[in-house]
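Contents: one structure, followed by commentary.
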Amino acid sequence: IVRHASGPGEQGPQAITQYMGPGDNLVVPDLGQQRVNRYAADGTSLGSFRLALENGLPMAINATRSGVIVEQVRPLSLPDRPATDSMDMLVQLGTDGSVLDTLKRFPPGGTINLANPNSPEVTVFTAEPVWQIANDMTLCFGVSDEYSIGMYSPDGTLERVIRKPFEVTPITERDQEMMWTFFEEQLRANVPPQAYSEAIQRMRSVIHFADHYPIFAGVQFGPNKSVWVQHIQSPSGLSEEQLKEWNFIEDIGSPDWDVFDAQGRYLGVVTMPARFAPRAFVDNKIYGVWRDELDVQYVTRMRIIGVDDRDTGAIELGASR
(Lines give C-alpha, C1' and ligand atoms only; values in the text may rest on other atoms or scores of the structure.)
Protein backbone atom coordinates (compact mmCIF):
# COMPACT_ATOMS: atom_id res chain seq x y z
CA ILE A 1 0.00 0.00 0.00
CA VAL A 2 1.42 3.39 -0.90
CA ARG A 3 0.30 6.83 0.08
CA HIS A 4 1.69 10.20 -0.99
CA ALA A 5 1.97 12.87 1.67
CA SER A 6 0.16 16.05 0.79
CA GLY A 7 2.89 18.28 2.12
CA PRO A 8 5.38 18.89 4.91
CA GLY A 9 2.63 19.95 7.28
CA GLU A 10 0.84 16.63 7.12
CA GLN A 11 0.75 14.56 10.28
CA GLY A 12 2.91 11.96 8.58
CA PRO A 13 3.12 8.18 8.63
CA GLN A 14 1.38 7.78 11.96
CA ALA A 15 -1.85 8.86 10.26
CA ILE A 16 -1.66 6.02 7.70
CA THR A 17 -2.23 2.99 9.88
CA GLN A 18 -1.71 2.42 13.53
CA TYR A 19 -3.08 -0.98 14.46
CA MET A 20 -4.43 -4.14 12.89
CA GLY A 21 -7.61 -5.63 14.31
CA PRO A 22 -9.49 -8.87 13.65
CA GLY A 23 -9.48 -9.98 10.01
CA ASP A 24 -6.66 -7.52 9.20
CA ASN A 25 -8.98 -4.57 9.80
CA LEU A 26 -7.17 -1.26 10.33
CA VAL A 27 -7.71 0.95 13.34
CA VAL A 28 -6.53 4.49 12.52
CA PRO A 29 -6.48 6.98 15.40
CA ASP A 30 -6.49 10.64 14.41
CA LEU A 31 -5.76 12.50 17.63
CA GLY A 32 -5.67 15.82 15.78
CA GLN A 33 -9.27 15.37 14.66
CA GLN A 34 -10.19 13.54 17.89
CA ARG A 35 -11.54 10.54 16.00
CA VAL A 36 -10.78 6.86 15.51
CA ASN A 37 -11.43 5.48 12.01
CA ARG A 38 -11.84 1.79 11.18
CA TYR A 39 -11.28 0.13 7.78
CA ALA A 40 -11.64 -3.35 6.35
CA ALA A 41 -8.59 -4.99 4.75
CA ASP A 42 -9.85 -3.92 1.29
CA GLY A 43 -10.05 -0.27 2.38
CA THR A 44 -13.81 -0.16 2.94
CA SER A 45 -14.77 2.14 5.80
CA LEU A 46 -16.14 0.39 8.87
CA GLY A 47 -17.13 3.68 10.46
CA SER A 48 -15.53 5.97 12.99
CA PHE A 49 -16.18 7.40 16.41
CA ARG A 50 -15.37 10.61 18.22
CA LEU A 51 -12.92 10.80 21.11
CA ALA A 52 -15.04 12.63 23.67
CA LEU A 53 -13.12 15.43 25.39
CA GLU A 54 -15.44 15.10 28.37
CA ASN A 55 -13.65 11.80 29.03
CA GLY A 56 -10.29 13.58 29.06
CA LEU A 57 -7.60 14.75 26.65
CA PRO A 58 -6.62 11.83 24.33
CA MET A 59 -2.88 11.18 24.77
CA ALA A 60 -2.40 7.82 23.03
CA ILE A 61 -4.41 4.92 21.63
CA ASN A 62 -3.52 1.26 21.20
CA ALA A 63 -5.53 -1.63 19.80
CA THR A 64 -5.17 -5.40 19.76
CA ARG A 65 -5.72 -8.07 17.14
CA SER A 66 -8.64 -9.27 19.24
CA GLY A 67 -10.44 -5.96 18.67
CA VAL A 68 -9.83 -4.22 22.01
CA ILE A 69 -9.21 -0.45 21.77
CA VAL A 70 -7.51 1.28 24.70
CA GLU A 71 -7.11 5.03 25.11
CA GLN A 72 -4.89 6.99 27.48
CA VAL A 73 -6.76 10.09 28.66
CA ARG A 74 -5.58 13.03 30.74
CA PRO A 75 -7.99 15.06 32.89
CA LEU A 76 -9.10 18.21 31.09
CA SER A 77 -11.04 21.04 32.66
CA LEU A 78 -13.83 22.31 30.43
CA PRO A 79 -15.78 25.54 31.07
CA ASP A 80 -18.86 23.59 32.13
CA ARG A 81 -17.07 20.57 33.55
CA PRO A 82 -13.97 21.16 35.70
CA ALA A 83 -11.64 18.18 36.14
CA THR A 84 -12.06 16.38 39.47
CA ASP A 85 -9.08 14.02 39.07
CA SER A 86 -5.38 14.61 38.42
CA MET A 87 -4.50 11.09 37.26
CA ASP A 88 -4.16 9.77 33.72
CA MET A 89 -6.24 6.70 32.93
CA LEU A 90 -6.18 3.82 30.48
CA VAL A 91 -9.77 3.16 29.40
CA GLN A 92 -11.17 0.44 27.17
CA LEU A 93 -13.41 1.81 24.41
CA GLY A 94 -16.32 0.28 22.54
CA THR A 95 -16.59 0.57 18.77
CA ASP A 96 -18.83 3.61 19.31
CA GLY A 97 -16.25 5.35 21.53
CA SER A 98 -18.05 4.64 24.80
CA VAL A 99 -15.92 3.83 27.85
CA LEU A 100 -16.35 0.16 28.79
CA ASP A 101 -13.80 -0.15 31.59
CA THR A 102 -10.94 1.64 33.38
CA LEU A 103 -7.78 -0.50 33.23
CA LYS A 104 -5.20 1.59 35.08
CA ARG A 105 -4.71 4.99 36.75
CA PHE A 106 -1.27 6.66 37.04
CA PRO A 107 0.38 10.09 37.44
CA PRO A 108 0.42 12.12 34.21
CA GLY A 109 3.56 12.92 32.27
CA GLY A 110 4.92 16.43 32.03
CA THR A 111 4.85 17.07 28.27
CA ILE A 112 1.58 19.02 28.36
CA ASN A 113 0.90 21.31 31.32
CA LEU A 114 -2.82 22.06 31.49
CA ALA A 115 -2.72 24.05 34.72
CA ASN A 116 -3.90 27.03 32.65
CA PRO A 117 -6.23 25.61 29.93
CA ASN A 118 -6.13 28.92 28.07
CA SER A 119 -2.35 28.84 27.84
CA PRO A 120 -0.99 25.26 27.96
CA GLU A 121 2.75 24.70 28.02
CA VAL A 122 4.67 21.93 26.27
CA THR A 123 7.97 20.48 27.52
CA VAL A 124 9.51 18.32 24.81
CA PHE A 125 11.14 15.06 25.98
CA THR A 126 10.07 15.25 29.59
CA ALA A 127 9.11 11.94 31.22
CA GLU A 128 5.90 10.35 29.95
CA PRO A 129 4.07 7.07 30.58
CA VAL A 130 4.76 4.55 27.81
CA TRP A 131 2.57 1.48 27.45
CA GLN A 132 1.28 -1.29 25.19
CA ILE A 133 -1.56 -3.80 25.49
CA ALA A 134 -1.32 -7.42 24.31
CA ASN A 135 -4.04 -9.59 22.79
CA ASP A 136 -4.56 -11.36 26.12
CA MET A 137 -4.86 -7.93 27.85
CA THR A 138 -1.41 -8.12 29.44
CA LEU A 139 -0.24 -4.54 29.99
CA CYS A 140 3.33 -3.39 29.46
CA PHE A 141 3.87 -0.08 31.31
CA GLY A 142 6.78 2.19 32.19
CA VAL A 143 7.78 5.84 32.50
CA SER A 144 10.34 7.00 29.96
CA ASP A 145 12.86 8.51 32.39
CA GLU A 146 13.72 5.11 33.94
CA TYR A 147 14.50 1.74 32.31
CA SER A 148 11.97 -0.07 34.48
CA ILE A 149 9.03 -1.58 32.60
CA GLY A 150 6.32 -3.48 34.43
CA MET A 151 4.29 -6.36 33.02
CA TYR A 152 0.76 -6.48 34.44
CA SER A 153 -1.74 -9.33 34.17
CA PRO A 154 -5.31 -8.57 32.99
CA ASP A 155 -6.44 -8.25 36.62
CA GLY A 156 -3.78 -5.58 37.27
CA THR A 157 -1.26 -7.76 39.14
CA LEU A 158 2.39 -6.84 38.58
CA GLU A 159 4.01 -10.05 37.30
CA ARG A 160 7.56 -8.92 36.56
CA VAL A 161 9.71 -5.86 35.89
CA ILE A 162 12.13 -5.49 32.97
CA ARG A 163 15.22 -3.47 33.89
CA LYS A 164 18.41 -2.60 32.04
CA PRO A 165 21.35 -0.27 32.83
CA PHE A 166 21.11 3.06 31.01
CA GLU A 167 22.90 6.35 30.49
CA VAL A 168 21.30 9.78 30.37
CA THR A 169 21.80 11.71 27.10
CA PRO A 170 21.70 15.52 27.43
CA ILE A 171 19.70 17.57 24.93
CA THR A 172 22.27 19.89 23.37
CA GLU A 173 21.77 23.38 21.97
CA ARG A 174 22.36 21.93 18.50
CA ASP A 175 19.58 19.39 19.11
CA GLN A 176 17.24 22.20 20.09
CA GLU A 177 18.16 24.26 17.02
CA MET A 178 17.38 21.33 14.71
CA MET A 179 14.07 20.70 16.42
CA TRP A 180 13.10 24.37 16.25
CA THR A 181 13.85 24.28 12.52
CA PHE A 182 11.52 21.30 12.13
CA PHE A 183 8.74 22.94 14.18
CA GLU A 184 9.01 26.18 12.19
CA GLU A 185 8.86 24.32 8.87
CA GLN A 186 5.71 22.54 10.03
CA LEU A 187 4.20 25.83 11.14
CA ARG A 188 5.09 27.54 7.85
CA ALA A 189 3.24 24.82 5.95
CA ASN A 190 0.07 25.22 8.01
CA VAL A 191 -0.20 28.93 8.86
CA PRO A 192 -1.02 31.76 6.41
CA PRO A 193 2.07 33.92 5.66
CA GLN A 194 0.55 37.00 7.30
CA ALA A 195 0.11 35.12 10.58
CA TYR A 196 3.44 33.25 10.55
CA SER A 197 5.54 35.74 12.55
CA GLU A 198 3.02 35.94 15.38
CA ALA A 199 2.57 32.16 15.36
CA ILE A 200 6.33 31.64 15.68
CA GLN A 201 6.51 33.93 18.70
CA ARG A 202 3.58 32.18 20.30
CA MET A 203 5.10 28.75 19.65
CA ARG A 204 8.46 29.73 21.17
CA SER A 205 6.70 31.01 24.29
CA VAL A 206 4.80 27.75 24.75
CA ILE A 207 7.40 25.08 23.88
CA HIS A 208 10.30 24.23 26.18
CA PHE A 209 12.83 21.40 26.26
CA ALA A 210 13.76 18.98 29.01
CA ASP A 211 17.41 18.76 30.07
CA HIS A 212 17.90 15.25 28.71
CA TYR A 213 16.27 12.73 26.42
CA PRO A 214 13.96 9.99 27.66
CA ILE A 215 15.59 6.62 28.27
CA PHE A 216 13.39 4.88 25.70
CA ALA A 217 10.87 5.91 23.06
CA GLY A 218 8.31 3.12 22.97
CA VAL A 219 7.44 -0.49 23.76
CA GLN A 220 5.86 -3.27 21.70
CA PHE A 221 4.85 -6.88 22.24
CA GLY A 222 6.61 -9.11 19.72
CA PRO A 223 6.50 -12.80 18.79
CA ASN A 224 6.14 -15.38 21.57
CA LYS A 225 5.26 -12.66 24.11
CA SER A 226 8.65 -11.00 23.68
CA VAL A 227 8.95 -7.32 24.62
CA TRP A 228 10.64 -4.80 22.33
CA VAL A 229 11.90 -1.47 23.71
CA GLN A 230 12.86 1.32 21.29
CA HIS A 231 16.01 3.40 21.81
CA ILE A 232 16.07 7.19 21.50
CA GLN A 233 17.93 8.82 18.60
CA SER A 234 19.18 12.38 18.98
CA PRO A 235 19.53 14.47 15.79
CA SER A 236 23.02 15.61 16.76
CA GLY A 237 24.18 12.00 16.43
CA LEU A 238 23.16 11.82 12.77
CA SER A 239 25.27 12.51 9.70
CA GLU A 240 24.60 15.50 7.46
CA GLU A 241 23.16 13.12 4.87
CA GLN A 242 20.81 11.56 7.42
CA LEU A 243 19.71 14.97 8.67
CA LYS A 244 18.45 15.90 5.20
CA GLU A 245 15.76 13.25 5.63
CA TRP A 246 15.25 13.66 9.39
CA ASN A 247 11.68 13.88 10.67
CA PHE A 248 11.09 14.81 14.32
CA ILE A 249 7.83 12.86 14.52
CA GLU A 250 9.20 9.58 13.16
CA ASP A 251 12.95 9.68 13.71
CA ILE A 252 13.39 10.49 17.41
CA GLY A 253 12.68 6.82 18.00
CA SER A 254 15.85 4.97 16.96
CA PRO A 255 15.93 2.04 14.51
CA ASP A 256 17.48 0.07 17.42
CA TRP A 257 15.21 -1.99 19.69
CA ASP A 258 16.15 -3.97 22.81
CA VAL A 259 14.46 -7.37 22.79
CA PHE A 260 13.48 -9.35 25.89
CA ASP A 261 11.95 -12.82 25.92
CA ALA A 262 8.69 -13.79 27.65
CA GLN A 263 10.53 -14.23 30.96
CA GLY A 264 12.18 -10.82 30.75
CA ARG A 265 15.64 -12.07 29.73
CA TYR A 266 17.59 -9.66 27.54
CA LEU A 267 18.28 -11.15 24.09
CA GLY A 268 20.01 -8.28 22.30
CA VAL A 269 19.29 -5.50 19.82
CA VAL A 270 17.35 -5.60 16.55
CA THR A 271 18.06 -2.76 14.12
CA MET A 272 15.10 -1.91 11.91
CA PRO A 273 15.70 -0.67 8.35
CA ALA A 274 16.28 3.08 7.99
CA ARG A 275 13.12 5.18 7.63
CA PHE A 276 10.89 2.33 8.76
CA ALA A 277 8.47 2.93 11.66
CA PRO A 278 6.90 -0.25 13.10
CA ARG A 279 3.22 -0.06 13.99
CA ALA A 280 2.14 -3.61 14.84
CA PHE A 281 3.78 -6.96 15.52
CA VAL A 282 1.67 -9.87 14.23
CA ASP A 283 3.15 -13.33 14.80
CA ASN A 284 6.62 -13.16 13.19
CA LYS A 285 5.82 -10.15 11.02
CA ILE A 286 6.06 -6.41 11.61
CA TYR A 287 3.63 -4.03 9.92
CA GLY A 288 4.68 -0.42 9.67
CA VAL A 289 5.41 2.57 7.48
CA TRP A 290 8.49 2.99 5.32
CA ARG A 291 9.37 6.36 3.73
CA ASP A 292 11.39 6.62 0.53
CA GLU A 293 13.82 9.44 -0.30
CA LEU A 294 10.91 11.63 -1.50
CA ASP A 295 9.01 10.98 1.73
CA VAL A 296 6.43 8.89 -0.11
CA GLN A 297 4.97 6.61 2.53
CA TYR A 298 4.36 2.88 2.12
CA VAL A 299 2.54 0.52 4.45
CA THR A 300 5.10 -2.27 4.60
CA ARG A 301 5.29 -5.75 6.07
CA MET A 302 8.63 -6.93 7.44
CA ARG A 303 9.50 -10.50 8.44
CA ILE A 304 11.44 -11.31 11.60
CA ILE A 305 14.07 -13.93 10.80
CA GLY A 306 14.50 -16.97 13.00
CA VAL A 307 11.55 -16.76 15.36
CA ASP A 308 11.40 -19.94 17.44
CA ASP A 309 7.83 -21.26 17.17
CA ARG A 310 8.19 -23.24 20.38
CA ASP A 311 6.92 -21.58 23.55
CA THR A 312 10.39 -20.45 24.61
CA GLY A 313 10.30 -16.84 23.48
CA ALA A 314 13.71 -17.31 21.83
CA ILE A 315 14.41 -15.05 18.85
CA GLU A 316 17.31 -15.14 16.45
CA LEU A 317 17.82 -11.44 15.98
CA GLY A 318 17.48 -9.90 12.54
CA ALA A 319 14.85 -8.53 10.17
CA SER A 320 14.26 -8.44 6.46
CA ARG A 321 11.86 -6.60 4.23
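In this structure, Asp175 and Pro170 approach most closely via the heavy-atom pair OD2-O, 4.0 Å. Scanning all heavy atoms of the two residues, the minimum distance from Ala134 to Thr64 falls at O-CG2, 3.5 Å. Asp258 and Tyr266 get closest at one heavy-atom pair: OD1-OH, 3.5 Å. The shortest non-hydrogen separation linking Phe221 to Gln132 is CE1-O, 3.5 Å. Considering every non-hydrogen atom in both Ala127 and Ser144, the closest pair reads CA-OG, 3.6 Å. Contact between Val70 and Val68 at its shortest, heavy atoms only, is CG2-CG1, 3.9 Å.
Side-chain contact check for Val219 versus Ile149: some heavy-atom pair is nearer than 4.5 Å. Within the 4.5 Å cutoff, side-chain heavy atoms of Pro235 are placed close to those of Ile252. Residues Thr123 and Asn113 form no side-chain contact, since every pair of their non-hydrogen atoms from C-beta on lies 4.5 Å or further apart. Between Asp261 and Asn224, every side-chain heavy-atom pair lies at or beyond the 4.5 Å cut-off. At least one side-chain heavy atom of Met137 sits under 4.5 Å from a side-chain heavy atom of Gln92. Taking the side chain as every heavy atom from C-beta outward, Phe49 and Ile69 approach each other to under 4.5 Å. In this structure, Trp228 and Pro223 have side chains that are in contact, with non-hydrogen atoms separated by less than 4.5 Å. Between Trp290 and Arg275 there is a side-chain heavy-atom pair separated by less than 4.5 Å.
Hydrophobic clustering (side-chain heavy atoms under 4.5 Å, transitive across Ile, Leu, Val, Met, Phe, Trp, Tyr) keeps Val91 apart from Met87. When the side chains of ILVMFWY residues are joined at heavy-atom separations under 4.5 Å, either directly or via intervening members, Tyr39 and Leu46 end up in two distinct hydrophobic clusters. With hydrophobic clusters built from ILVMFWY side chains whose heavy atoms lie under 4.5 angstrom apart, Val73 does not share a cluster with Leu100. One hydrophobic cluster, built from ILVMFWY side chains closer than 4.5 Å, holds both Phe216 and Val269.
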Side chain to side chain contact (heavy atoms under 4.5 Å, CB included) between Ile286 and Met272, worked out: CA-CA 10 Å; Ile286 306 173; Met272 301 280 186; 3.6 Å; yes

Test log, rule side chain to side chain contact (heavy atoms under 4.5 Å, CB included), inputs Ile215 and Glu146: CA-CA 6 Å; Ile215 305 306; Glu146 191 80 20; 5.7 Å; no

Evaluation steps, side chain to side chain contact (heavy atoms under 4.5 Å, CB included), between Met179 and Ile171: CA-CA 11 Å; Met179 285 183 272; Ile171 298 175; 4.2 Å; yes

Enumerate, atom names and distances included, each donor-acceptor pair closer than 3.5 Å involving a side-chain atom of residues 104-111, sequence neighbours excluded.
unit_1: Arg105; atom_1: NH2; unit_2: Asp85; atom_2: OD1; d: 3.0
unit_1: Arg105; atom_1: NH2; unit_2: Asp85; atom_2: OD2; d: 2.6
unit_1: Thr111; atom_1: OG1; unit_2: Glu128; atom_2: OE2; d: 2.8

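With rounding to the nearest 0.5 Å, the separation of CZ in Arg301 from OH in Tyr287 is 4.5 Å. A distance of 11.0 Å separates OG in Ser236 from CD in Glu177, rounded to the nearest 0.5 Å. Rounding to the nearest 0.5 Å places OG of Ser197 at 14.5 Å from CZ of Arg202. Atoms OG and CG, from Ser98 and Leu93 in turn, are 7.5 Å apart once rounded to the nearest 0.5 Å. Considering CZ of Phe166 and NE2 of His231, their distance stands at 13.0 Å, rounded to 0.5 Å. The distance from the OG1 atom of Thr169 to the CD1 atom of Ile232 is 9.0 Å, given to the nearest 0.5 Å.
Judged purely by distance below 3.5 Å, without hydrogens or angles, the side chains of Ser48 and Arg35 pair a donor atom with an acceptor atom. Between the side chains of Asp256 and Thr271, at least one donor N or O lies within less than 3.5 Å of an accepting N or O.
With sequence neighbours excluded, no residue forms a salt bridge (Lys or Arg N to Asp or Glu O under 4.0 Å) with Lys285. Partners of Asp145 under the salt bridge (Lys or Arg N to Asp or Glu O under 4.0 Å) rule, at least two apart in sequence or in another chain, do not exist in this structure. Contacts of Arg204 classified as salt bridge (Lys or Arg N to Asp or Glu O under 4.0 Å), with partners at least two apart in sequence or in another chain: Glu184. With sequence neighbours left out, the salt bridge (Lys or Arg N to Asp or Glu O under 4.0 Å) criterion links Arg160 to no other residue.
A 6.0 Å sphere centred on CG of Asp211 holds no more than 12 heavy atoms belonging to other residues, nucleotides or ligands. Enclosure of atom CD in Glu198 is not indicated, since only 12 or fewer non-hydrogen atoms of other residues, nucleotides or ligands lie within 6.0 angstrom.
Remark: side-chain polar atoms of Thr300 are paired, donor with acceptor, to backbone N or O of Tyr298 under 3.5 angstrom. Checking side-chain atoms of Gln233 against main-chain N and O of Asp251 turns up a donor-acceptor pair under 3.5 Å.
Between Phe209 and Phe183, the ring planes lie parallel to each other; the angle is under 30°, not in the 30° to 60° tilted range.
Of the candidates Leu90, Leu103, Leu158, Leu139 forms a side chain to side chain contact (heavy atoms under 4.5 Å, CB included) with just one, namely Leu90.
When ring centroids are compared, Tyr152 and Trp131 stay outside the 6.0 Å threshold.
Contacts classified as salt bridge (Lys or Arg N to Asp or Glu O under 4.0 Å) and involving residues 131-144 (residues at least two apart or in different chains) are given here: Asp136-Lys225.
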